[in-house]
2 protein chains.
Amino acid sequence: MSRNNAGLSHARIVEDALRIVNGQGLRRLTMRRLGDALQVEAMAIYHHFPRGKEQLLDALVHHVMDVPAAADPAAPPDTRLRHWAAGYRDRLLEHSGVLPLLINRGYENPAVLDALYAALTELGLRGAAVVDAARTLDAYVLGAVVNEVRDTASRPEPDAAGEQAPAPPVDPRRHPHLAALAAHRRTRDAADRFAVGLELVLAGVQQPG
Amino acid sequence: MSRNNAGLSHARIVEDALRIVNGQGLRRLTMRRLGDALQVEAMAIYHHFPRGKEQLLDALVHHVMDVPAAADPAAPPDTRLRHWAAGYRDRLLEHSGVLPLLINRGYENPAVLDALYAALTELGLRGAAVVDAARTLDAYVLGAVVNEVRDTASRPEPDAAGEQAPAPPVDPRRHPHLAALAAHRRTRDAADRFAVGLELVLAGVQQPG
DNA sequence: AGAATAACCTTACTGTGTAAAGGTGGTGGC
DNA sequence: GCCACCACCTTTACACAGTAAGGTTATTCT
């Protein structure tokens, strides 16, 4: 506990960094701020992450992505796919602050990917069709979460009383379909939207069967 | 042309900023660097973007997203959807540097969205199904592009002769499906992968008809 | 014991966004 | 003609970012 042993560790650093990110945003994740949270000087972090902030951000991505494949091998394959998607979405939403990092930093979780392939194979897909389906599902989930995060971020707060939806004006001359369907755009909540879209993708992925 | 008129303009600033971003990356887009590119001091930009860099980044997103809806009203609706998807992907890939900004900054292009609704309606969808399908397609395209960008970024260069795929080792005991399908994971190029996935989503979106 | 080392601290430098205030030329009112 | 004003750009300055270099300890090894 003395001067040269503050109990710092890879895990503790990542943990506190993640707390900062999803409490104050990625922008405010700073070496000095992280040091403060860890009761340590900023430069102490460099002993555990010699490549500095870049390496720290890599570790954040890795930590978010490195989960064991949810194992319910008895469940039917389509149920497992839905669980996979829901779990994936939950994890991304819980750490939505690191989403920008996922664009440039690779992850790839073999266990999860293998389980995904397994479920799709059990559904009757073979060979390239499995890989294509997996990629498509992955893309859908990621894109859906990104859109969801953007929506909830730009959707303002129910701050004052009554003030909620500014209802953006849409010109029915220029955009008739948009105007006609405007009501349908506000119905479901985020979770329902995700589930509905997932069903569509799942249906497409098993089209021949 | 004197000292108080360097010919700066909203459009020119956005243009040069975008050039920097997709030539050197978002990280290197800096007020001073942008000033240099525009032959101007950094603070000059604040006269056209009073809210500073935040507003500049908003403008970048807006510029990337604000394109007229590709109008080929004679084409069949499914063709129009494919064109929309291809155009969307191209635009995102061309400015892949701004992708991280799309997560937190809203855009929404009414013209494009209306055209999308129109095509889906022509396909036979009605009401909420149109909105759901549009959201699903949007999510797929965005997610697919994000994955594609990550792949091409982490995929190293065919720099020296012959050296290309390090072929990550996969344990066939732990991940049998991954091992069995490894060959299928490297077949198609990025454009094909996108097209194949899009077909799956399109199929799912029109499932009842 | 003495030396090596792991874990942290101090200092210092470059680069970043931007507030504040200063010029400078052109434009309109009188 | 002249002067006030304003749009446009520059200067200066500050707080905060990441991190290289080197210093300080306590533990551990010989």
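- Backbone-only engagement by Arg33(B) is indicated by non-hydrogen atom pairs under 4.0 Å involving sugar-phosphate atoms exclusively.
- Looking at heavy-atom distances under 4.0 Å, Gly7(A) makes contact with sugar-phosphate atoms alone, never a base.
- You'll find the side chain of Leu125(A) reaches within 4.5 Å of the side chain of Val205(A), heavy atoms only.
- For the pair Met31(A) CE and dG18(D) P, the interatomic distance rounds to 6 Å; values are reported in whole Å.
- Nucleotide dA7(C) holds its P atom 8 Å from the CG atom of Asn5(A), rounded to whole Å.
- Between the side chains of Arg185(A) and Tyr117(B), at least one donor N or O lies within less than 3.5 Å of an accepting N or O.
- Rounded to a whole Å, the CD1 atom of Ile45(B) is 14 Å from the P atom of dA19(C).
- Between Arg89(A) and Glu148(A) there is a salt bridge, since a side-chain N of the basic residue sits under 4.0 Å from a carboxylate O of the acidic one.
- One can find a donor-acceptor pair under 3.5 Å joining the base of dG17(C) and the side-chain atoms of Arg32(B).
- Side-chain rings of Tyr140(B) and Tyr88(B) stay apart, their centers remaining 6.0 Å or farther from each other.
- Only His47(A), His48(A), listed by number, bring a heavy atom of residues 47-56 of chain A to less than 4.0 angstrom from any atom of DNA chain C.
- Using a cutoff of 4.0 Å between basic side-chain nitrogens and carboxylate oxygens, Asp138(A) and Arg135(A) are not scored as salt-bridged.
- Ion pairing between Asp16(A) and Arg19(A) holds under the 4.0 Å rule for side-chain N and carboxylate O.
- OP1 or OP2 of dG15(C) has not a single side-chain nitrogen or oxygen of Thr30(B) nearer than 4.0 Å.
- Following rounding to the nearest Å, Leu34(A) (CG) and dC9(C) (P) show an atom-to-atom distance of 13 Å.
- One can place OH of Tyr46(A) at 14 Å from C1' of dA12(C), the figure rounded to the nearest angstrom.
- Under 4.0 Å is where a charged nitrogen must lie from a carboxylate oxygen, and between Arg82(B) and Asp78(B) at least one such pair does.
- Protein atom CZ of Arg27(A) is 21 Å distant from nucleotide atom P of dA15(D), rounded to whole Å.
- Contacts between residues 10-21 of chain A and DNA chain C, defined by a heavy-atom separation under 4.0 Å, are absent.
- In this structure, CD of Glu41(B) is placed 15 Å from C1' of dT24(C), rounded to the nearest angstrom.
- Comment: Glu108(B) does not engage Arg150(A) in a salt bridge, judged by the lack of any side-chain N to carboxylate O separation of less than 4.0 angstrom.
- With contacts defined as side-chain heavy-atom distances shorter than 4.5 Å, the pair Leu101(B)/Leu26(B) qualifies.
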